[in-house]
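A short worksheet on the structure shown next.
Note that the structure is a prediction, hence the values are computed from the model and not measured. First the proteins, then the strands, lettered A, B, ... as listed; each starts at 1.
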Protein chains: 2
Amino acid sequence: MANETQGLNERAQLLLKALIERYIADGQPVGSRALSKLSGLELSPASIRNVMADLEDMGFIASPHTSAGRVPTARGYRFFVDTLLTVKPLDRIEINQLEGQLQVENTQKLVTSASHVLSELTRFAGVVVTPRRSAGFRHIEFLKLSEKRLLLILVTADGDVQNRIIQTEKSYSPSELTEAANILNRNYAGCSFEDIRRRVQAELKQLREDMTQLMTAALAAGDQAVSESAEDVVISGEVNLLGVDDLSSNMNKLRELFNLFEHRTTLLQLLDHSSRAQGVQIFIGGEAGLQPLDECSVITAPYEVDGKVVGTVGVIGPTRMAYERVIPIVDITAKLLSSALAQR
Amino acid sequence: MANETQGLNERAQLLLKALIERYIADGQPVGSRALSKLSGLELSPASIRNVMADLEDMGFIASPHTSAGRVPTARGYRFFVDTLLTVKPLDRIEINQLEGQLQVENTQKLVTSASHVLSELTRFAGVVVTPRRSAGFRHIEFLKLSEKRLLLILVTADGDVQNRIIQTEKSYSPSELTEAANILNRNYAGCSFEDIRRRVQAELKQLREDMTQLMTAALAAGDQAVSESAEDVVISGEVNLLGVDDLSSNMNKLRELFNLFEHRTTLLQLLDHSSRAQGVQIFIGGEAGLQPLDECSVITAPYEVDGKVVGTVGVIGPTRMAYERVIPIVDITAKLLSSALAQR
DNA sequence: CATTGGCGCTCTCGCCGGAGGAGTGCTGAC
DNA sequence: GTCAGCACTCCTCCGGCGAGAGCGCCAATG
């Protein structure tokens, strides 16, 4: 049994591989006759039929009806990507092209362009979960809008700018505001908000009462700004999926799918899940646990800053996709995104 | 000829109105028999057929094939909305609901929620062109990121925060940065960037050379920030259009339509156009000059701040839509958006 | 005993023709 | 001007039919 894996002998594996590759290529159910020609094996259609019957029993392939060829099941795809697939890495030129398309001006643009690149290259939908902010803060500023409304400007450690309007109980003078900002900037720059909270708690007694209020308000707003904007998912190229006939043939599925795209949170959960693993992850059909995706596959890869995973990139397409091409694209995009973020 | 408009006598108008209303209601071509029942007129189908033939000659209606009923043409819809339609304004309750859905925290949220509300209420796609910024500036701040990279934070007169990274030729000390910011803040707060540019040109000689560089860089960045983020269009509820069978029945049209949605600029032109008129505007079918929209209607209304038009809201749906309902929704949304912005 | 050619069976798909239905245009009567 | 009647056209919906594809099974073979 040296040449068997999961009960599949070498011949069966070869045929399964050939079948899936063919099916991915042209979307038609594959018959024994066709398979006998393209498998490379010197086998008659009849023999192939035997093997196919076995493969069907084991749940790797299925036939849409009595006398069509066979198509891969989700389980078949699973086995395919796990043990049969040989991904060919992108060559240098393609990587350079890809890199060239990323807009590095700021984090927002970086993320959007990454998502865009993914969808352009794969012609499916590209998704990127925006980077978790490193909770550190670099600079803070209070600006008086009207008597009791302040604009809080917050520059996080990674150079992104957040702003929030806060209502105060009393009216602060400009100098008070400057003072408060100075205290925070001088003493706590670089710390995370939790750190600050803890330290401020201890040291705050030395400050005037109203100052305290201002500080805590600022901290709360900062916390909120950080956590609220913490994770979002950017999708692009949903349109591409309209052109995928596997999906566009049944309108209801398509609608469910697009509804899913509007429900960011659900999608976020799925993608977050994948950021716990490392390297490329693949969800095929219902594996993701989301019913609208049962004719889709999701390919994801986490990206990181300073060795810490901060987000996920991915592609959503039909289960019938060119995995050997999409996988390296997602992989490389994650890596390029990581290194682009590292330079900021 | 007192009771004629554009060559249509009263009876023809009544019938056209009944026909269109019926067609909008159930999407089926309307025949003479049905029309004779629901028109309210005491006319036999035969007489009605005569009128319908006239209406067809004049291009208001057409028949999909020999023996179907008639459907309105774009020209028919045009006449309908221009002279036959009686819009029923929303009642107080609906307006309040609508108002409740707007999120007033900041401009961004306001715009997004407005678009969202439009799509929810009409079940079509909602669009909003983001407000043109009043070019004034309120506050500026330089923050050193690394040796020659500065983060420029810019608070515009309307309380929005912009930020830009600028590369400098020399390395500035924190105090120099503060000084530069102070000069701008003290002397020019409230002015538009053009004003500043003009005045700075004159007064700049008194400043040190390197300061000048910093200032002009800041001005350029500010200008760019203002102009770049000046106009964008937010679309929501595109998914709804998948559920509209008038559109979803032919996939190609649908794809073109969604492609249009990704090409913001084209859409922007159309919407901008409408902001020059005042009040609700309606583009039916190809009237907008965009071929992907030839089975769609676009209902728009400009919104304003301080009596100046700053953007446009709108709804994109099939030509066969309940105009008498959509029109007031768009109208009110524009007004609510105006007043929400006024309070900021 | 794995392989293979042959055979019958099943299922889909496209095509054709007829029935049914809807709605029109026309004509002649009032 | 209105209207009933009538012939005509066109669409849609089957049902049947043949072609094609592909399978399962079986018996023969080396």
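Atom CD1 of B:I61 and atom P of C:dG25 are 9 Å apart (whole Å). Rounded to whole angstrom, the span from the NZ atom of A:K37 across to the P atom of D:dA21 amounts to 10 Å. One atom, CG of B:L19, and another, C1' of C:dT24, lie 14 Å apart when rounded to the nearest Å. Nucleotide D:dA21 holds its P atom 18 Å from the CD1 atom of A:I48, rounded to whole Å. Rounded to an integer number of Å, the gap from B:D54 CG to C:dC26 P is 12 Å. For B:E42 and D:dC3, the CD to C1' distance is 14 Å, given to the nearest whole Å. Counting to the nearest Å, the P atom of C:dA2 and the CG atom of A:L15 are 16 Å from each other. One can place CE of A:M52 at 17 Å from C1' of C:dT3, the figure rounded to the nearest angstrom.
Minimum atom distance to the side chain of A:T66 is reached by C:dT10, of the listed D:dC10, C:dT24, C:dT10. When each of C:dT4, C:dC7, C:dC26 is scored by its nearest atom to the side-chain atoms of A:N50, the top-ranked nucleotide is C:dT4. Candidate nucleotides C:dT4, C:dC26, D:dC25 were compared by shortest atom distance to the side chain of A:R49, and D:dC25 ranks first. Each of C:dT10, D:dC23, C:dG25 was ranked by its minimum atom distance to the side chain of B:R70; first place goes to C:dG25. Listed nucleotides C:dC11, D:dC6, C:dG5 differ in distance to A:S67; the shortest reach to its side chain belongs to C:dC11. Taking every side-chain heavy atom of B:H65 into account, D:dC11 is the closest of D:dC11, D:dT2, D:dG22. Closest approach to the A:S32 side chain among D:dT9, D:dC23, C:dG25 is made by D:dC23 (side chain taken as heavy atoms from C-beta onward). Across C:dT3, D:dC3, D:dC10, the shortest atom-to-atom separation from the side chain of A:L43 is found for C:dT3.
In terms of phosphate contacts, A:S47 brings a side-chain nitrogen or oxygen within less than 4.0 Å of OP1 or OP2 of C:dT4.
Considering only heavy atoms from C-beta on, A:L267 comes within 4.5 Å of A:I235 through its side chain. Looking at A:M58 and A:L8, their side chains come closer than 4.5 Å, going by heavy atoms from C-beta outward.
As judged by a 4.0 angstrom heavy-atom cut-off over every strand, A:A46 is placed among the base-contacting residues. B:Q28 comes within 4.0 angstrom of no nucleic acid atom, judged by non-hydrogen atoms across all strands.
For B:R33 and C:dG23, a side-chain-to-base donor-acceptor distance below 3.5 Å is absent, hydrogens and geometry of angles not being considered.
Within the model, atoms CG of A:L43 and CZ of A:R11 stand 4.5 Å from one another, a figure rounded to the nearest 0.5 Å.
Under the side chain to side chain contact (heavy atoms under 4.5 Å, CB included) rule, A:F60 has a single partner from A:Y77, A:F80, A:F79, which is A:F79.
Under a 4.0 Å N-O distance rule, the pair A:R320/A:E295 does not qualify as a salt bridge.
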